Every structure is written in C-alpha cells, then in structure tokens.
Undergrad: 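Before I ask anything, here is the structure I am working with.
Both backbone and side-chain heavy atoms feed into the values below; hydrogens, waters and symmetry mates do not. Per chain, numbering begins at 1; letters A, B, ... match sequence-line order. It should be emphasised that the depicted structure is a prediction, and the values quoted were computed from it without experimental measurement.
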Amino acid sequence: MRLSRLPLNTLKEVPADAELISHQLMLRAGMIRKLASGLYTWLPMGLRVLRKIEQVVREEMNRAGAFELLMPSVQPAELWQESGRWSEYGPELLRFKDRHQREFCYGPTHEEVITDIARRELKSYRHLPVNYYQIQTKFRDEIRPRYGVMRAREFIMKDAYSFHLDQESLDAGYQAMFDAYSKIFTRLGLRFRTVQADSGAIGGNASQEFHVLADSGEDTIVFSNGDDYAANLEMAEALPPAAGKKKPGGDMRFVDTPDIRSIDELCSFLDTDPSGCIKTLLVDAEDDGLVALVLRGDHELNARKAEKMPGVREPLTMAAADKVKEVVGCEPGFIGPVDLPCPLFVDHSAAAVVDFVCGANQKDQHRVNGNWGRDLPDCASVDLRNVVDGDPSPTGKGTLSVVRGIEVGHIFKLGDKYSSSMNAQVLDANGQTQTLIMGCYGIGITRITAAAIEQNHDRRGIVWPPAMAPFDVALIPINQHKSDRVRDAADQLYEELNAMGLQVLVDDRNARPGVKFADMDLIGIPHRVVVAEKGLDGGSFEYKNRRDDEPRHLSIDELKDLLRSSQTET
RNA sequence: CGGGGCAUAGCGCAGCUUGGUAGCGCGUCUGCUUUGGGAGCAGAAGGUCGGGGGUUCGAAUCCCUCUGCCCCGACCA
C-alpha cells in the first residue's frame, strides 16, 4: 500500500473527549471516528486491524470444528417473547417497529435466533454435537457508552452456540472452546487470564471469562499465587478470618459524634482504624421492610453475595433515608447492629472484630467497645464482602491478588434455558425426544483492538502485536522525490517484500523524515525499514523493530530472512 | 436515572463577566526555501458561534427553551 494514496489523517493533538489511551491513539492514528455516542466508523487503517483479529478467530474456530454462519442483526419480537427475554431484557435492548407495526429488535445477542435455527435444522442425535458461529455487528443500548470502542453501543462480536444431546458432550464442546479461546488470545499476543464468572441470570452452571490484563480495565479480577484459582471479583469467596479472638476489653459505651457520618470521619474523630469499626448497611427487604448487612469498616459490600441472602430484595437497593428513619428512628450515618430492629447478616470479618466502634442508632452518637456475644447476640456469619489484596485464597493455597481486566471473551454452559422454552428437540438413538442442551461463547472483536492498545503502547503511539498489526512492514524512503536511487531501491524492495507475502506500507509522501517516523510509530507497525542514500552506498537497509530503541543495518538477505522468520511466528 | 460541565473553522482552544465588524495554534491549499524525528517565510481558503424563541438600535456575549456530547455517581452509614 502506498501511503500517498491511502486516505489517512493522523492527529497531533488529542481529541478532548478521549480519556483512555487506547481511545486517544485510535483516533490519532486514524483508525476510528465517532459518529454519535457509542457509534464509530472504522476507517481503512482500523478496519485492517479488525480483519486481522477476525482472521485469527475464524481460523481457530474452524480448527475447533465450528461452522460459520450469518444471522440477521434485526430480530422479530416473537422469538424473544418465546424465550421470555422480550420482557426481561430491559432498556439495553433496542426495539423498534417496521411499517406494518410489527415489533423487532436489533440483536444484542443471538440465542433466540440460533435456537430457532437449531429446532428447524437439527432433527436427530446424528446431527449432534454441532457448533455454529458468526462474526457480526451487535447493538446494546448501554446506559453510558464510554472509552471509545471499549464500551460502545454498536460493536462486533464473534458469537458461537453449541448444541448437544447430553452433559458430557456439552462439557467436551465447552472445553474445546476454552482451548480455542486460549489459542486465539495467545496468537493475538495478549496477556490474559481466565477467571470463573457469574453465570448470572442466564441460568447455566459453568461460565468463564477471558480478561486482558490492563489497569484501565473496567472489571476487577482476582487470582491466587498458590494455585490456578482465578475469579471475577463478584465471585471470589472471602474466607472467615483465622480464629484467635482477643478478649473483649472495657464495657460498651456511647460517645458523642456530632455530624460524623462516614467511616473516614469517624476514624479521624476517634483516632482509630476502619478495621476496628463496624458498618451497617440497610437494604430493602423482599417484604418491604429492611435488612441490615454488617461489614468491617474497611471492607466493601459485594452486591451479588448480598442479593443471595434470604429476604434481601433483588436487585439490591440501599434503603431510602426516610425509610431508615421510620424503621430505626434515626438517620443514616449512625446505624449500628446493637438493638437494631431488623434482620442482620454479619460478614465473617465483621463478626471477628473485638471492641468495635459502630453507630448507636441515635443521631450524633456512636458506640465503642462493642462485642459480639456480650453486647449483642453472637450470630452465624456469612460472606458478604469483596475480597481484597492479600486475602487467603478460598482454595486454601496462597493469597489473592486483585487486578483490573478487560473482558474480551466469555464462555457459558447454557443448559436448556432456550431449548426448552423454544422446544428445540431431537430424537435420540432410542427414538425418544430429547431437549437439546446448549453452550454459548462470545468474543468482543472490536473491544480487542482497544484492549491490545491498552497493553501495547508507548509514548510514541501504538505497538501492535504482530498478529493484528494493520501492516507488517513500514517502508520509509528518505528524500525519495530527490533521489532516483532511493526511489528505485524503495520501489524494488517494496515489490520484493510484497512478493514474500508481507503487507507493506510504503511512506512515499513528499514529507520530511520526522513526519514519516512519527506517523509510522503512531500507527504502530511492527517492522520499519528505512531506505536512504547513505545506506545504499554500503548496500544495507536500516531496520528497526517497533519495540526496539536503536536501528540495525542489514543486508537485503539478512533483512528478508528476519522478516521471513517473523512471518512464521504468527 | 441523579449531579456537574461543555457546544465558536477539520482538530485543540480564546473571546462571553462589562452586548458594538469572529480570533489563536494545529491541520488544509498555493509559492519559495528546507529534508534522518511532527521545518521556515509569504499568501489563501474555511465559521448558520449546536437549533428555536426572546430582550435590544445592535446578541457568540443577556434571558427562555430544545438538542447533542463529556465527566462523576448510583457503597452512604
């Protein structure tokens, strides 16, 4: 590709509304342009990257025995009504009507459509197992699209759906997808981790997420240094602290704490530590009353764990201030577990605090030296909090680290949620009707571009992993418009590298060298070859890898060998 | 959904308080010079100041309204 003909605009300045480095660099490198909130055009440079990712995904999906198909992005409401999700899905589902007033949605996912295909096409156990996949545009009307293509409303996803006669076959199909995903992300050159995930409302039993590790990630994941335990923060279990309670100290008493409402304020006022405090969160109960969730002052509530407690209303809702006043008789900020007129769930760690500080259930008052079993009844403790860095691993081996990740893949054992509601059945070997069981497997194609940049950039720009770079080689002739030798040498090298199957971008613009270097660094092409008068005299080309600091001088054969070996690596 | 902010040339911004002929940098175009890390000089094009309404002799500027976009929050005991 000749850059003089490629419609590429790079930006020196950072667009004001781009916050993440990947978003900034994608705009600056001329990969994407925003059309509206959460909607992006993929310009030629960006699209090349997407296609590279798709290529790897296709190869590995095909290798794993999956079959590509393509479903409509617009789906009729009837199918969603059949599965029950027309009413469950909420405002994220973009719904609209056609000219006949029939209802449709723009597909955020395709379980209904594929299940409809399955029930029409798959009639016999002989057809099973089968795995269909597609690479397609989805739409989810996110509350708050942000971070460029990281959390867009329209995005490209690879979604796969497998159908099985029995659990054993599903297990095997799921494992095959796990292996394929691991290969895909490895080939793409991403540092990733697999974690246990919440299978959530979808039903199913097993579910794992693939996360690209990045500080800017929106998800929090947890892993152990003692074994291969890794989980989503939502899922990670916090163990009860090791026994060894200290003896309670002096009697519990009240202290005046005027206008002290937060744990931080309380701690600086009383000169104590949050881990010696107890915080009591009031949430709505299923029966219109309140439920109290008791945590240590330095811990965070895990909403998913809290929702599982009997009597707690789903979704978890913090109690309104006037409701708190009505039930407890004082305002939020001074709530404590002693003599609290509502059911209590006490976190393991909170139950282990001795001589704790807590709210007194009276305005401007707290209690100190509170003790379980003495000042209020001991009770069975439960797991309510998010794990923190350094907690023991729930497997008993090692301690946990908490890091940020970008979810780029998710695999699920769905079971029969869709196949039973939509009657997807086959005849088994005995001629009996069996309901299909399903797995589903997603990869966020567009998001991978941003995730890769978050992980691979420097102050000059993007540093593409070779497998997804828009071009393999950036060829930079210096002063080619003045030097026929340079131009001829560059042209010849360009042809030869193309003939080797390399994708070469030659910067044949009549621009100063600094401009060319800066643009090629920004775009992030892995290999750079400079052709200049001074090198030609010595019969060498200047080569620099995007990751290197200093260039090397190579003969034409050395250069070709080096590039050839890089081709086989990916 | 709640709170905050922004909207002026392709991009980044100033001008608005105190109403009086719309500016700067980058980018783009032309010419000359320059050519190994985002060049210099000279010139040029490009703006319904987000839309609508109002106040005024006069509105980018003041008022009302609508729209779009961005940020924060939805863990407060």
Undergrad: Please state the C1' separation for the pair B:U35 and B:G40 - nearest whole angstrom.
TA: 12 Å
Undergrad: Between B:C71, B:U34, B:G38, spot the one nearest the side chain of A:Arg512, thanks.
TA: B:U34
Undergrad: Quick check for you: among B:G12, B:G37, B:C71, whose closest atom lies nearest to any side-chain atom of A:Arg146?
TA: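 When the side chain of A:Arg146 is considered, B:C71 is the closest of B:G12, B:G37, B:C71.
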Undergrad: Name the orientation class of the two ring planes belonging to A:Trp80 and A:Tyr89 (parallel below 30°, tilted from 30 to 60°, perpendicular beyond 60°).
TA: perpendicular
Undergrad: Between B:U28 and B:G23, how far apart are the P atoms? Round to whole Å, please.
TA: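 To the nearest whole Å, 23 Å.
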Undergrad: Taking the C1' atom of each, how far is B:G31 from B:G15, in whole Å?
TA: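 Each nucleotide's C1' atom is 33 Å from the other's.
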Undergrad: Let's test this: given Watson-Crick or G-U wobble pairing with both distances under 3.5 Å, identify the partner of B:C1.
TA: B:G73
Undergrad: Students often get this wrong, so: under 4.0 angstrom with heavy atoms, is A:Asn302 touching a base, only sugar-phosphate, or nothing?
TA: base
Undergrad: Select base, sugar-phosphate, or nothing to describe what A:Ala532 touches, counting heavy atoms under 4.0 Å on all strands.
TA: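 Base, at least one base atom sits under 4.0 Å.
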Undergrad: Among B:G37, B:U35, B:G38, find the nucleotide with the atom closest to the side chain of A:Arg528.
TA: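 Selected nucleotide: B:G37.
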Undergrad: Can you tell me if A:Ser37 and A:Arg153 form a side-chain donor-acceptor pair at under 3.5 Å?
TA: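 On atom types as modelled, these side chains do not qualify, holding no pair under 3.5 Å.
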Undergrad: What's the CD1-P distance between A:Ile478 and B:G36, to the nearest Å?
TA: 7 Å
Undergrad: Searching all strands shown, indicate the nucleotide that pairs with B:G47 (Watson-Crick or G-U wobble; both distances under 3.5 Å).
TA: none
Undergrad: Starting the side chain at C-beta, find the nucleotide from B:U35, B:G36, B:A39 nearest to A:His481.
TA: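 Ranking B:U35, B:G36, B:A39 by closest atom to the A:His481 side chain puts B:U35 first.
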Undergrad: Starting at atom CD1 of A:Ile476, determine the distance to atom P of B:U35, rounded to an integer number of angstrom.
TA: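 Whole-Å distance recorded here is 19 Å.
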Undergrad: Could you tell me if the side chain of A:Ile406 sits less than 4.5 Å from the side chain of A:Met150, heavy atoms only?
TA: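 A side-chain contact exists here, since the closest heavy-atom pair is under 4.5 Å.
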Undergrad: Using whole Å, what does the distance between atom P of nucleotide B:G38 and atom CZ of A:Arg509 come to?
TA: 14 Å
Undergrad: With nearest nucleotides of RNA chain B determined for A:Leu266 and A:Asp17 from heavy-atom distances, which residue corresponds to the more 5′ nucleotide?
TA: A:Asp17
Undergrad: For the side chain of A:Lys12, starting at C-beta, report the closest nucleotide among B:C69, B:C26, B:C71.
TA: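 The answer is B:C26.
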Undergrad: Does B:U61 pair with anything, Watson-Crick or G-U wobble, both distances under 3.5 Å, and if so, with which nucleotide?
TA: none
Undergrad: Taking atom C1' in both B:U18 and B:C1, what distance in whole Å separates the two?
TA: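 Per the computed distance, 39 Å lies between those C1' atoms.
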Undergrad: Could you tell me if the side chain of A:Ile523 sits less than 4.5 Å from the side chain of A:Ile462, heavy atoms only?
TA: no
Undergrad: Whole angstrom is fine here: how far is it from CG in A:Asp141 over to P in B:C1?
TA: 11 Å
Undergrad: Heavy atoms under 4.0 Å, any strand shown: does A:Leu295 hit a base, just sugar-phosphate, or nothing?
TA: nothing
Undergrad: Between A:Phe223 and A:Val195, is there a side-chain heavy-atom distance shorter than 4.5 Å?
TA: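 No; the side chains remain at least 4.5 Å from each other.
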Undergrad: So what's B:U34 paired with, Watson-Crick or G-U wobble, going by both distances under 3.5 Å?
TA: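 Partner of B:U34: none.
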Undergrad: Does A:Lys34 or A:Gly535 map to a spot on RNA chain B nearer the 5' end, using the closest nucleotide for each?
TA: A:Gly535
Undergrad: In whole Å, measure the gap between the C1' atoms of B:U8 and B:U61 for me.
TA: 11 Å
Undergrad: Given atom CG of A:Asn510 and atom P of B:G31, what is their separation to the nearest angstrom?
TA: 12 Å
Undergrad: Sort out the partner of B:U17 for me: Watson-Crick or G-U wobble, both distances under 3.5 Å, none otherwise.
TA: none
Undergrad: Flag this pair as yes if the NZ/CZ of A:Arg48 is under 6.0 angstrom from the six-membered ring centre of A:Phe471 and inside a 45 degree cone about the axis; otherwise no.
TA: yes
Undergrad: Taking the P atom in each of B:U34 and B:C69, what is the distance between them to the nearest angstrom?
TA: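 Rounded to whole Å, the distance is 50 Å.
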Undergrad: Would A:Ser555 and A:Asp557 satisfy side-chain hydrogen bond (donor to acceptor under 3.5 Å, both in side chains), going step by step from the backbone distance to the final call?
TA: CA-CA 5 Å; A:Ser555 72; A:Asp557 290 334; 5.3 Å; no
Undergrad: What about A:Asp519, does its side chain sit under 3.5 Å from the base of B:G38 through a donor-acceptor pair?
TA: yes
Undergrad: Distance criterion of 3.5 Å, no angle test: do you see the side chain of A:Glu542 paired donor-to-acceptor with the base of B:G36?
TA: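 In this structure, the two groups form a donor-acceptor pair.
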Undergrad: Nearest-Å distance, CZ (A:Arg153) to P (B:G68)?
TA: 10 Å
Undergrad: Looking across every strand, which nucleic acid part, if any, lies under 4.0 Å from A:Arg28 by heavy atom: base, sugar-phosphate, or nothing?
TA: base
Undergrad: For atom P, what is the distance between B:G25 and B:A9, given to the nearest Å?
TA: 15 Å
Undergrad: What's A:Val530 touching, base or sugar-phosphate or nothing? Going by heavy atoms closer than 4.0 Å.
TA: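 A:Val530: base contact, heavy atoms under 4.0 Å.
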Undergrad: In the structure I gave you, are the side-chain heavy atoms of A:His527 and A:Ser566 within less than 4.5 Å of one another anywhere?
TA: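 A:His527 vs A:Ser566: side chains touch.
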Undergrad: For the pair made of CG in A:Asp284 and C1' in B:A74, what is the distance, rounded to whole Å?
TA: 14 Å
Undergrad: Under 4.0 Å: is that the gap between some side-chain N or O of A:Ser37 and OP1 or OP2 of B:C70?
TA: yes
Undergrad: Would you say the side chain of A:Asp521 and the base of B:G37 hold a donor-acceptor pair, judged only by whether the two atoms sit under 3.5 Å apart?
TA: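 A donor-acceptor contact between them is present.
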Undergrad: Send over the distance from A:Ile523 CD1 to B:G37 P, rounded to a whole Å.
TA: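 Distance, rounded to whole Å: 19 Å.
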Undergrad: Identify which nucleotide among B:G38, B:C26, B:A77 has an atom closest to any side-chain atom of A:Ile335, counting heavy atoms from C-beta outward.
TA: B:A77
Undergrad: Does B:A7 have a Watson-Crick or wobble partner in any strand here, with both distances under 3.5 angstrom, and which is it?
TA: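 Base partner found: B:U67.
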Undergrad: Go through B:G38, B:C69, B:G36 for me and flag the one nearest to the A:Ala518 side chain.
TA: B:G38
Undergrad: Could you give the distance separating B:U67 and B:G52 at their P atoms, to the nearest angstrom?
TA: 15 Å
